[in-house]
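Bear in mind that the values here come from a model prediction, so they are computed numbers and not experimental data. We number each residue from 1, following the sequence as shown.
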Amino acid sequence: MQTKYIFVTGGVVSSLGKGIISASIGQLLQARGYKVTIQKFDPYINIDPGTLNPYEHGECFVTEDGFETDLDLGHYERFTGIHTTRDNSITTGRIYKTVIDRERRGDYLGKTIQVVPHITDEIKRRMLRQDVQDETIDFVITEVGGTIGDIESQPFIEAIRQLRCQPGRCNVVCVHLTYVPYLKAADELKTKPTQHSVKELQGMGIQPDILVLRTERHLDDAMRMKVASFCNVDLECVVQSEDMPSIYEVPVSMQRQGLDAAILRKLGIPVGETPAMTNWHKFLDKQRNTTREIHIALVGKYDLQDAYKSIRESLNLAGIYNGAKTAINFVNSEVIDEKNIATKLYGMAGVLICPGFGQRGIEGKIIAANYCRTHDIPTFGICLGMQMMVIEYARNVLGYEDADSTEMNPNTTHKVIDLMEEQKSITQMGGTMRLGTYDCELAEGSRASKAYDGIGPIYERHRHRYEFNNAYKTEYEVAGMKCVGINPGANLVEIVEIPDKRWYIGTQFHPEYSSTVLHPHPLFMSFIKACI
């Protein structure tokens, strides 16, 4: 089958859930036996979100090949199980840099470089994935960030318009997500914002094939008919996306309304039978029937849900598969001290010490690690969280009161966490950390090894500059903190654990990046089981 292209755009307001809709379309097409990939085109001029503050952009998700991307790629992977790469995340910054680099080399032979055709041609090339080698894909789903009308997204919309006008336009479908607000004073749902959004999209030369209406209240057929009539869209192609108890209910809702069938019909593909999606429904049944609740403390410095999105979802998924609802309680590490730590962690079944960068909030994380270790509370430290567990152990068990990371205190006499050798000559910040998938050998019989069912080596994703200082490795192991995961190439300590505790494990890598709906990560599964 010739590759088909699905474009997902948004209107009215941002944060409507284009990523969830894109991921849901991917899951539904996979259920029909098609091979899909999903990519995100972001209008911002940053090369990638790696240097963006989480308050600005939420979590930075890392692909297997070490590219820092938008958090929506986490949704794509969790819903579909596909492994995204740098080719799945494109920004305006990358587009312009590519074109400018070509101009500097003289590739354009003296031509004046313009948004049309040079920028739009590069966007189209990326949308069609012409650089991706050895890829056989039935459907390429492309989500365009921002909303219609944003000045930054106009070149992307123009590129889509041009693709629809080229030969083979029957291979392109446009899905537009809009908002239908409810006005409480009038007790009415209003479709006018959707009409204006579609009109603006039409003014840019694109007639949407399918509308997905984001709504907090159910839309009856009369309202859907009104939208279909005013927006020149078939009634069967007007789908509503109501608030759901869980984002994982969205694919089932979209299938029930025939979103995947409408896409296939628009592309001239036989619809066939509706897939059963047996494993997905089994997961949803587990989620709906879970009544037990466990409280997990998330100790970090970003009081923002999207800042730790993959961690939150990994905890939720592991809870569901362990028969428990995970109630996540954010604890701001900046306000933790020795006097209030017992109160902050009261009633918690387990504690996860979050990753991050910089000085802010680290002393609170160290205090939390100490409290959990001395009170034998199941504890999971990720990246910087693992490093804080190591520093706490050095200070309070090894007796090195000034033990620290050179990231926070370059002058400490006990650099138990130090800058990686390969990082010492690097001056630029963006895209220069240890990034992507590396292998790790597990110590036989360790709790970490048991969590992975003794399988080894394992392969996990990284995003860090600093590492465990191997000069102290023997001291740690003699004192009781074991280094049970080692990268064979760099001899980097990947996992530490204290075997005589119920569950006290820190990982230098980020296991949350590879936890999916149908395959929750084994370390999160083991952690939640210990908490229960």
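Surrounding CZ of Arg105 are more than 12 heavy atoms belonging to other residues, nucleotides or ligands, all under 6.0 Å away.
Test Met127, Arg129, Lys4 against Val140 for side chain to side chain contact (heavy atoms under 4.5 Å, CB included) and you get one pass: Arg129.
Looking at Thr37 and Asn88, their side chains do bring a donor and an acceptor atom within 3.5 Å of each other. Checked by atom type, the side-chain pair Tyr76/Glu143 shows a donor-acceptor distance below 3.5 Å. No side-chain donor-acceptor contact under 3.5 Å links Arg78 and Ser314. Looking at Thr413 and Asp402, their side chains do bring a donor and an acceptor atom within 3.5 Å of each other. Donor-acceptor pairing under 3.5 Å is lacking for the side chains of Glu407 and His464. Counted by atom type alone, His462 and Glu494 present one or more donor-acceptor pairs between their side chains at under 3.5 Å. A side-chain donor-acceptor contact under 3.5 Å links Thr98 and Arg126. Judged by distance alone, the side chains of Thr84 and Glu77 do bring a donor and an acceptor atom under 3.5 Å apart. Residues Trp503 and Ser526 bring a donor and an acceptor atom of their side chains to less than 3.5 Å of each other.
Tyr504 and Ala369 make their closest contact through OH-O, 3.2 Å (heavy atoms, listed as atom of the first residue, atom of the second, distance). Closest approach of Ile336 and Gly364 over heavy atoms only: CG2-O, 3.7 Å. Shown here for Glu249 and Pro245, the closest heavy-atom pair between the two residues is CG-CD, 4.4 Å. Pairing each heavy atom of Tyr308 with each of Gly300, the nearest pair is OH-CA, 3.5 Å. Between Asn322 and Met525, the shortest heavy-atom contact is ND2-O, 3.2 Å. When all heavy atoms are compared, the tightest approach of Asn332 to Glu334 is OD1-N, 2.9 Å.
Ring geometry for Tyr248 against Phe79 counts as tilted: the plane angle lies between 30° and 60°, on a 0 to 90° scale. The aromatic rings of Tyr513 and His510 lie parallel to each other, their planes meeting at an angle below 30°, with 60° marking the opposite boundary. Ring-plane geometry between Tyr371 and His375 is classed as parallel, the angle between the planes falling under 30 degrees on a 0 to 90 degree scale with a further cut at 60.
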Please step through side chain to side chain contact (heavy atoms under 4.5 Å, CB included) for the pair Glu475 and Tyr393, ending with a clear verdict. CA-CA 11 Å; Glu475 288 185 70; Tyr393 205 80; over 6 Å; no

Start with the C-alpha distance between Glu392 and Arg395, add both sets of side-chain angles, then the distance that settles salt bridge (charged side-chain N to carboxylate O under 4.0 Å, His left out), and finish with yes or no. CA-CA 5 Å; Glu392 184 279 322; Arg395 291 181 182 180; over 6 Å; no

Test log, rule salt bridge (charged side-chain N to carboxylate O under 4.0 Å, His left out), inputs Lys415 and Asp404: CA-CA 6 Å; Lys415 304 173 182 179; Asp404 215 326; over 6 Å; no

Carefully, step by step, assess Leu315 and Phe527 under the rule side chain to side chain contact (heavy atoms under 4.5 Å, CB included). CA-CA 9 Å; Leu315 289 170; Phe527 171 59; 3.9 Å; yes

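Looking at Asp65 and Arg86, a side-chain N of the basic residue comes within less than 4.0 Å of a carboxylate O on the acidic one, giving a salt bridge. Salt bridge annotation for Asp376-Lys501: absent, with no cationic side-chain nitrogen under 4.0 angstrom from a carboxylate oxygen. We find that Lys97 and Asp101 are joined by a salt bridge, their nearest charged nitrogen and carboxylate oxygen being less than 4.0 Å apart. A salt bridge does not link Asp285 to Lys282: none of the charged side-chain nitrogens sits closer than 4.0 Å to a carboxylate oxygen. Taking 4.0 Å as the cut-off between side-chain N and carboxylate O, Lys482 and Glu444 do not count as a salt-bridged pair.
Although no hydrogens or angles enter the test, the distance criterion places no donor-acceptor pair under 3.5 Å between the side chain of Asp42 and the main chain of Tyr44. Between the side chain of Lys309 and the backbone N or O of Leu71 there is no donor-acceptor pair closer than 3.5 Å.
Because its NZ or CZ atom is not both nearer than 6.0 Å to the ring centre of Phe380 and within 45° of the ring axis, Arg502 does not count as a cation-pi partner of that residue.
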